[in-house]
Amino acid sequence: MIDSDTSIGTVRKQVLADFPMLQEIRKRRPLYVKGLIDMVRDVAEYNKRYVYPVALELDRRMEKDHEYEAWDLVEAGCPNRFLSLIIPKLVGGVGGLAVMFSLVMEEMCSACPGVANIFGAHALGVVPLLVGGAVGHWETVLREITESEMMGKPVIMALAITEPSAGTDAEEPHYLKEARLSMNARRVEGGFVLNGRKCFISNGSIAKYIWVTSATDREHPAESWTGFLVDKNMDGFSVARVEEKMGQRVCPAAELAFEDCFVPDENVISFEGDGMQPGTLLTLAASRAPVGAIATGIARGAYEWFLRWAEQRRNGRRPMDEQRVQMALADMRTRIQLARWAYMNASLAFDNSIGKVMNGILLKSMQLIPSFVRTSWPYLKLFNSHLGKQVVNTLVNVYTSDEQVTRAMAFASLAKAVGGDTAMYVSSLALEHMGSEPSEEKLWVEKAFRDAKLTQIYEGTNQLNRLTLYMSDIGKDLTLELHKILEPDYAGRGVV
Ligand SMILES: Cc1cc2nc3c(=O)[nH]c(=O)nc-3n(C[C@H](O)[C@H](O)[C@H](O)COP(=O)(O)OP(=O)(O)OC[C@H]3O[C@@H](n4cnc5c(N)ncnc54)[C@H](O)[C@@H]3O)c2cc1C
């Protein structure tokens, strides 16, 4: 909270108390856990210095002026490297994985999820370049992000899956077959021409680079679903409008228009036809645990403001001395802790599957290649070519298996649904107990209540996440098919 102690000793004690599993990991990997704690402390400081003083006012402002862009807050995060957290060290990033990112999201969201979601949606845009093994773009796009951040000039990414009449359907391979799609990618010489709309895209109006999905063959959307890297300066791309939001207002959500937008072959991420299986599934498997953490942070923020309210005397009595309030606090604490363990468990599962590639010896050894070679034209050409992508994907398959990543995907869906429901439950319970008397604490809890709802909707609704958990873990009819990228079974494949 705004007046809490953010010294390293206090933060360390708190993190290790909340996550007993980190105490065990610390015995074997002390520097790794120290890095996590240092990052949480940086976020707590950032919240205290920049976010708490403005969050309520900014939220009110953006209710009326929803196109306002809070660049000052993004710039203030540059020294802490919030935009480079999950970018590999190879290209100047922090090299954090899901565990670090989730811890950062919980801490940020306990203050303001709108601000946090700018960093969260940015990371979501980065993920397909990582899990899609787009090593050529690491040296250009990801390096631009890390270097610009060091100069205090943020470069932001976004991810665009949702279409005006395809939300849930565009996030799951079985449903995609029946989806009513508006986007279309038509093959032309040297690339594809994109037409159609994407909607509700977080950061859509402020991002420089966007990962955009589209079918290349409308008759076979699931098989031809493809991920494209779009630069906002490409001809034919525009921001159609910015939405008015109920919660998480500081992060803009935009509708994007594509009118004969040409995207060159080298901007196809992974291969044509891999955009859903494994592309979208793997990306969401990576991002849903951090969304569980976003929701946990919102619940924690509501709980902390409620606790502060409950401790204050009103008409000579403290609400905290009443049994109903004590029970509510215990209930909130229980749910928050369960949501926390769920996201940490899912993050660890992810880091121990596909995450192993990011920190693997092969990637580390690439640092031995001189920087001028890694940014040279032949190197980029190789890694953007079919052969280069095949090599990277073969390595990914050596490090992990379909079974491991499918389990990580199931845990991620579990954590996302538990987190979203916890955020709604805790913020509602707090509001119910606070009654009608106005207070500063109540304003924060009201904001948390509005911010919470989105965590049940984006990154796949909680209904979809429950179905994903069922299909991948219980019904066993959904496997994350990493190996599939090595089997060119789509007709259009192999040309990029
Ligand atoms: C503020 C905001 C920010 C967002 N940011 C992004 C972003 O950055 N990038 C992006 O690509 N998208 C983003 N989204 C879109 C979000 O992911 C979708 O809203 C979500 O996937 C749901 O899709 P939909 O709104 O079309 O609802 P629908 O898919 O139409 O669903 C409506 C309801 O029906 C239920 N439902 C649908 N199909 C089934 C089924 N088969 N079985 C059971 N229930 C079902 C859903 O769970 C939901 O309750 C954002 C949305 C919002 C509101």
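We count ligands from 1, going down the list as the structure has it; atoms in each ligand are counted the same way.
- The shortest contact between atom 50 (C) of ligand 1 and any protein heavy atom is with F200 O, 3.2 Å.
- The atoms of ligand 1 that sit less than 4.0 Å from any heavy atom of L454 are 1 (C), 2 (C), 52 (C), 53 (C).
- Ion pairing between a basic and an acidic side chain is recognised when a charged N comes within 4.0 Å of a carboxylate O; E163 and K198 show such pairing.
- Using a 4.0 Å cut-off between a side-chain N of Lys or Arg and a carboxylate O of Asp or Glu, R187 and D265 qualify as a salt bridge.
- Between R300 and E304 a salt bridge is recorded (basic side-chain N to carboxylate O distance below 4.0 Å).
- The distance from ligand 1 to the heavy atoms of L467 drops below 4.0 Å at these ligand atoms: 42 (N), 43 (C).
- Summary of contacts: the protein heavy atom closest to atom 12 (N) of ligand 1 is T162 OG1, 2.6 Å.
- Close contacts between ligand 1 and T461 involve ligand atoms 22 (C), 46 (C), 47 (O), 48 (C) [criterion: under 4.0 Å to a heavy atom].
- Side chains of S84 and R81: a donor-acceptor N/O pair is present below 3.5 angstrom, by distance only.
- Using a 4.0 Å cut-off between a side-chain N of Lys or Arg and a carboxylate O of Asp or Glu, D402 and R407 do not qualify as a salt bridge.
- Of the protein's non-hydrogen atoms, the one nearest atom 37 (C) of ligand 1 is T168 OG1, 3.6 Å.
- When each atom of ligand 1 is checked for a heavy atom of I161 under 4.0 Å away, the hits are 10 (C), 11 (O).
- Protein heavy atoms all stay at least 4.0 Å away from atom 34 (O) of ligand 1.
- Q248 and Y458 share a side-chain donor-acceptor pair at under 3.5 Å.
- Atom 30 (O) of ligand 1 is never approached by the protein to below 4.0 angstrom, counting heavy atoms only.
- At a heavy-atom distance under 4.0 Å, only side-chain atoms of E171, from C-beta outward, approach ligand 1.
- Below 4.0 Å from some heavy atom of I201 lie the following atoms of ligand 1, by number and element: 7 (C), 8 (O), 9 (N), 10 (C), 11 (O).
- Taking the six-membered ring where the residue is Trp, W305 and W444 present parallel rings, their angle staying beneath 30° rather than reaching 60°.
- Distance remark: protein heavy atom not present below 4.0 angstrom from atom 45 (C) of ligand 1.
- In this structure, K389 is not positioned above the aromatic face of F383 in the sense of NZ or CZ being under 6.0 Å from the six-membered ring centre and within 45° of the axis.
- Atom 24 (P) of ligand 1 has its closest protein heavy atom at G167 CA, 3.9 Å.
- For the residue pair S287/K416, the side-chain donor-acceptor check at 3.5 Å is not satisfied.
- Interface of K245 with ligand 1, defined as ligand atoms under 4.0 Å from a residue heavy atom, comprises 1 (C).
- E106 and Y343 share a side-chain donor-acceptor pair at under 3.5 Å.
- Per-residue contacts place I457 under 4.0 angstrom from the following atoms of ligand 1 (heavy atoms of the residue considered): 19 (O), 20 (C).
- In K198, neither the side chain nor the backbone holds a heavy atom less than 4.0 Å from any atom of ligand 1.
- The distance from ligand 1 to the heavy atoms of S202 drops below 4.0 Å at these ligand atoms: 3 (C), 4 (C), 5 (N), 6 (C), 7 (C), 8 (O).
- Checking only distances, Y458 never comes within under 3.5 Å of ligand 1, N or O to N or O.
- There is a side-chain donor-acceptor pair under 3.5 Å between T400 and Q404.
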